[in-house]
*Asks:* 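One structure, as structure tokens, below. Some questions next.
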Amino acid sequence: MAFRGRDKTSLRGRRALALVAASAAVTLGMATGGTVTQAAPDSHKPKPTHTQVHLLSINDFHGNLVPNAPTSSSGHVNGTPAGGAEYLATHLQQLRQAARANGQESITVAAGDLIGASPLLSAAFHDEPTIEAMNLIGLEATSVGNHEFDEGWRELLRMQKGGCLPDGDGANNQNSCPDPEQEFEGADFDFLSANVFFEKNDKTLFAPYTIKKLKDGRKIGFIGMTLENTPNIVTKSGIEGLKFTDEVETANALVPKLKEKGVEAIVVLLHEGGIPADPKAYNSCPGISGPIVDIAKNLDAEIDAVITGHTHQGYNCSIADPAGAPRLVTSAFSFGRLVTDMRVSIDNLTGDVDRANTIANNLIVTQDVPKAPKVTDLINKYKALVAPIESKVIGHITTPLVSRTPDDSGESPLGNLIADAQLADPSTVTGGQTPVVAFMNPGGIRSDLVATNGAVTFGAAFTVQPFNNYLVSMDMTGTQIRALLTQQFTGLNQVANKVLQVSGITYSWKAGATPGTKEVVADSVKIAGQPLVDGTTYRIVTNNFLSDGGDGFPAFATATNKFFGGLDIDAFANYLTAHDPYTPGPTDRITVAP
């Protein structure tokens with residue numbers, strides 16, 4: 001944001017802090033700062049000094065068309081039931097109506113991961129239902145998140161442009177364009193990918209930015225980006241031929257180009273985020289940490305606001321730009337549980353954003369409003385189509401649920417079940433070689449396995465494993481396996497400590513010599529009860545995401561003789577059927593040494 005005329009730095013600092021602190025109390029009818037442009041200004045009155053625009057934003061929707069159970073962590077906000085596309089559409093419409101009543105305009109945007117890792121209602125149809133829902137709620141632009149690449153960049157292009165996949169009727173429990181009378185038409189909104197380039201020609205996958213023109217001719221530019229670390233957290237085949245560049249460098253390089261086009265107001269839609277110290281304080285910013293902090297501090301001072309995602313957190317921050325001026329940085333939780341209403345005040349003289357009079361408010365998407373009829377019709381249509389797949393009983397469990405919550409070692413009952421299912425899957429056996437060890441990434445386990453009166457449906461299993469990853473068997477030496485186990489606590493995982501869920505292998509880890517570090521006890525590693533031998537080759541199985549070295553485990557990429565089997569969800573479902581009823585066992589494969 002450029003300073004014009006007299007220096008307003010000190011004014012902005014005082015007022016911005018006060019406005020951010022008060023943002024939770026903002027009401028729909030509130031106007032902020034200056035004289036706000038009205039629909040029909042009286043010619044005898046002074047010309048308005050500012051135009052206020054409502055930027056309405058969401059992030060990390062992940063195909064959650066139907067609200068999650070209020071008792072689940074993803075179904076409420078601080079105890080208030082929240083989310084659901086029918087309610088989200090209504091809340092957005094009410095916010096737009098409130099803006100219009102004050103003679104103001106609104107723009108609806110998102111910060112990525114609208115699709116991918118979705119519930120079966122959307123995933124069974126390649127997330128076509130979610131794109132159709134986003135069209136209905138009036139989305140205008142979104143950045144590309146890492147999960148938009150779950151089915152590959154070519155499929156993401158189809159999400160934008162439309163068309164049907166020749167996937168057969170329900171192949172792999174998915175069905176593109178299930179209504180033969182209705183072709184998928186694609187997104188009415190713009191996908192933006194400023195920092196995603198084709199390696200062969202340095203062209204971006206999607207447009208790097210979009211410019212929205214207001215009724216008075218003033219412009220707002222939106223730069224869309226995903227996190228630079230995307231290649232480490234998605235399947236390699238999904239991004240083959242692409243490269244991801246630094247978020248700060250990419251956005252800053254685009255600022256002069258936007259200004260050449262007469263754009264003074266610039267907003268970044270970034271699929272990267274932070275973690276506040278208090279996750280319940282969704283309308284403030286206590287002790288925020290994570291990548292977004294450094295990114296926000298280094299984005300060009302001409303950029304006026306940053307709308308973020310990825311971490312599934314709610315926050316409303318003011319982080320100083322390189323010139324020392326406060327700048328709003330926001331995020332709206334996940335699954336459509338919050339909407340951010342950023343009231344952007346544009347100086348009518350300069351066309352630039354007056355940050356001192358710009359505020360944001362995160363609003364809960366409550367379920368006490370009428371459902372949007374068109375979205376309800378869409379959901380009911382796909383509910384009917386998915387019912388035969390979703391309701392099929394594949395087995396039973398003897399407990400109400402199998403938990404994904406890890407014990408002190410990092411091992412969970414559900415992690416053990418999934419790893420056992422992968423180890424037992426016959427589709428990965430090749431040349432008479434049967435895997436003896438299985439590894440599963442904990443981040444790929446998206447929910448507890450919940451039974452209904454003891455019965456487990458395919459829908460319940462899919463909620464646990466929604467990615468449709470393939471299983472891959474491969475050869476790893478004992479030395480490579482040791483390196484893999486070490487990578488759980490080092491490198492990209494040094495802070496997160498991503499303890500792999502295992503079958504066929506046992507070991508212990510202990511606190512390292514340096515405070516806060518951990519290390520595997522070398523002589524504790526055993527396969528099938530026998531000590532691991534460095535020079536021996538073992539056949540192991542994992543999913544294709546990890547096989548490519550994803551989630552910070554490059555040791556998998558060094559494995560040899562890889563063979564692709566069937567889908568992980570099929571292995572999971574078949575195992576439950578073969579072990580019906582299933583009783584969770586003890587978590588004793590990984591232990592913590594004194």
Side-chain angles (χ1 to χ4, degrees), residues 1 55 57 59 107-115 131 134 139-149 152-161 186-214 218-231 234 238-273 291-292 295-296 298-310 321-322 327 329 344 351 353:
M1 174 175 182
L55 295 188
S57 61
N59 54 273
I107 301 171
T108 306
V109 295
D113 273 10
L114 299 179
I115 58 175
I131 298 299
M134 292 297 108
L139 188 67
E140 297 175 62
T142 182
S143 57
V144 171
N146 55 287
H147 278 288
E148 261 86 18
F149 293 98
W153 63 263
R154 292 175 180 83
E155 172 66 354
L156 182 53
L157 289 176
R158 187 179 75 89
M159 293 290 99
Q160 177 77 86
K161 298 176 181 179
D188 295 338
F189 52 92
D190 297 322
F191 283 105
L192 304 175
S193 61
N195 66 331
V196 184
F197 294 85
F198 288 106
E199 292 178 336
K200 62 181 180 181
N201 58 18
D202 276 342
K203 292 183 178 180
T204 55
L205 178 65
F206 294 104
Y209 58 81
T210 186
I211 299 171
K212 301 295 182 181
K213 185 178 289 188
L214 304 178
R218 306 199 182 281
K219 302 173 182 178
I220 302 179
F222 294 90
I223 299 171
M225 297 186 292
T226 187
L227 67 161
E228 184 184 8
N229 193 43
T230 295
V234 302
I239 57 167
E240 190 171 4
L242 300 178
K243 63 180 179 180
F244 295 74
T245 59
D246 181 81
E247 304 96 335
V248 171
E249 292 177 3
T250 301
N252 289 353
L254 289 172
V255 168
K257 296 182 179 180
L258 285 167
K259 292 181 74 66
E260 286 175 4
K261 295 179 180 293
V263 178
E264 293 292 339
I266 302 174
V267 177
V268 165
L269 308 176
L270 173 60
H271 192 71
E272 178 61 289
I292 194 58
I295 291 173
N298 289 287
L299 285 172
D300 195 298
E302 295 287 336
I303 293 169
D304 297 294
V306 188
I307 296 171
T308 73
H310 187 55
D321 67 19
R327 175 166 56 195
V329 178
V344 178
V353 172

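Below, each value reflects all heavy atoms present in this structure, side chains not excepted, and no hydrogens, waters or symmetry copies. These figures come from a predicted structure and were not determined experimentally. Residues take their numbers from the sequence shown, with the count starting at 1.
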*Asks:* Are the side chain of E247 and the backbone N or O of I295 linked by a donor-acceptor pair below 3.5 Å?
*Replies:* no
*Asks:* Quick one: are E148 and D113 in side-chain contact, heavy atoms under 4.5 Å?
*Replies:*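 Yes. Closest side-chain heavy atoms under 4.5 Å.
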*Asks:* Which heavy atom of A296 sits nearest to which heavy atom of V329, and what is that distance?
*Replies:*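 For A296 and V329, the tightest heavy-atom pair comes out as CB-CG2, 3.9 Å.
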*Asks:* R218: what forms a salt bridge (Lys or Arg N to Asp or Glu O under 4.0 Å) with it, not counting sequence neighbours?
*Replies:*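 Checked R218 against salt bridge (Lys or Arg N to Asp or Glu O under 4.0 Å); matches are D216.
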*Asks:* Classify the side-chain pair N59/H271 by whether it contains a donor and acceptor separated by less than 3.5 Å.
*Replies:* no
*Asks:* What distance separates I220 CD1 from E264 CD, expressed to the nearest 0.5 Å?
*Replies:*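 Answer rounded to 0.5 Å: 12.5 Å.
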*Asks:* Could you check if a side-chain atom of E140 sits within less than 4.5 angstrom of a side-chain atom of F222, using non-hydrogen atoms only?
*Replies:* no
*Asks:* Kindly give the heavy-atom pair with the smallest separation between H310 and N146, and that separation in Å.
*Replies:*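 Heavy atoms of H310 and N146 come nearest at ND1-OD1, 3.2 Å.
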*Asks:* Among I223, V267, V268, which residue meets the side-chain contact (heavy atoms from CB on, under 4.5 Å) test with V306?
*Replies:*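 The side-chain contact (heavy atoms from CB on, under 4.5 Å) with V306 is passed solely by V268 among I223, V267, V268.
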*Asks:* When you measure from the side chain of D300 to the backbone N and O of P256, does any donor-acceptor pair fall under 3.5 Å?
*Replies:*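 Not a single qualifying donor-acceptor pair exists.
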*Asks:* Go through it in stages, so that I can follow the logic: the residues are I303 and D321, the test is side-chain contact (heavy atoms from CB on, under 4.5 Å), and I'd like the CA-CA distance, side-chain angles, deciding distance and then a yes or no.
*Replies:* CA-CA 9 Å; I303 293 169; D321 67 19; over 6 Å; no
*Asks:* To the nearest 0.5 Å, how far apart are CG in D188 and CE in M134?
*Replies:*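 The distance works out to 12.0 Å.
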*Asks:* For a side-chain contact (heavy atoms from CB on, under 4.5 Å) check, start with the C-alpha distance between V144 and F149, then their side-chain angles and the critical distance, and finish with the verdict.
*Replies:* CA-CA 9 Å; V144 171; F149 293 98; 3.4 Å; yes
*Asks:* What's the spacing between L114 CG and F189 CZ if we round to 0.5 Å?
*Replies:* 5.5 Å
*Asks:* Please report the shortest heavy-atom distance between K219 and A265, naming the atom on each side.
*Replies:* O-CB, 3.7 Å
*Asks:* To the nearest 0.5 Å, what is the distance between OG1 on T226 and NE2 on H147?
*Replies:* 10.0 Å
*Asks:* I need the minimum non-hydrogen distance between L156 and I115, along with the two atoms involved.
*Replies:* CD1-CD1, 4.5 Å
*Asks:* On a heavy-atom basis, which atom in N195 and which in L227 lie closest, and how many Å separate them?
*Replies:* ND2-C, 4.4 Å
*Asks:* How many angstroms lie between CG in L270 and OG1 in T250, if you round to the nearest 0.5 Å?
*Replies:* 10.5 Å
*Asks:* Would you mind checking if K257 and E260 are paired as a salt bridge, meaning a charged N to carboxylate O distance below 4.0 Å?
*Replies:* no
*Asks:* Minimum heavy-atom separation for I307 to A111, with atom names?
*Replies:*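 Closest approach of I307 to A111, heavy atoms only: O-CB, 3.8 Å.
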*Asks:* Go through the steps to decide whether T142 and L269 satisfy the test side-chain contact (heavy atoms from CB on, under 4.5 Å), and finish with yes or no.
*Replies:* CA-CA 7 Å; T142 182; L269 308 176; 5.8 Å; no
*Asks:* To the nearest 0.5 Å, what is the distance between CG on L258 and CD on E302?
*Replies:* 10.5 Å
*Asks:* In residues 197-214, what donor-acceptor pairs under 3.5 Å come from side-chain atoms, sequence neighbours left out?
*Replies:*
unit_1	atom_1	unit_2	atom_2	d
N201	OD1	K203	N	3.0
D202	OD1	K243	NZ	2.6
T204	OG1	F206	O	2.6

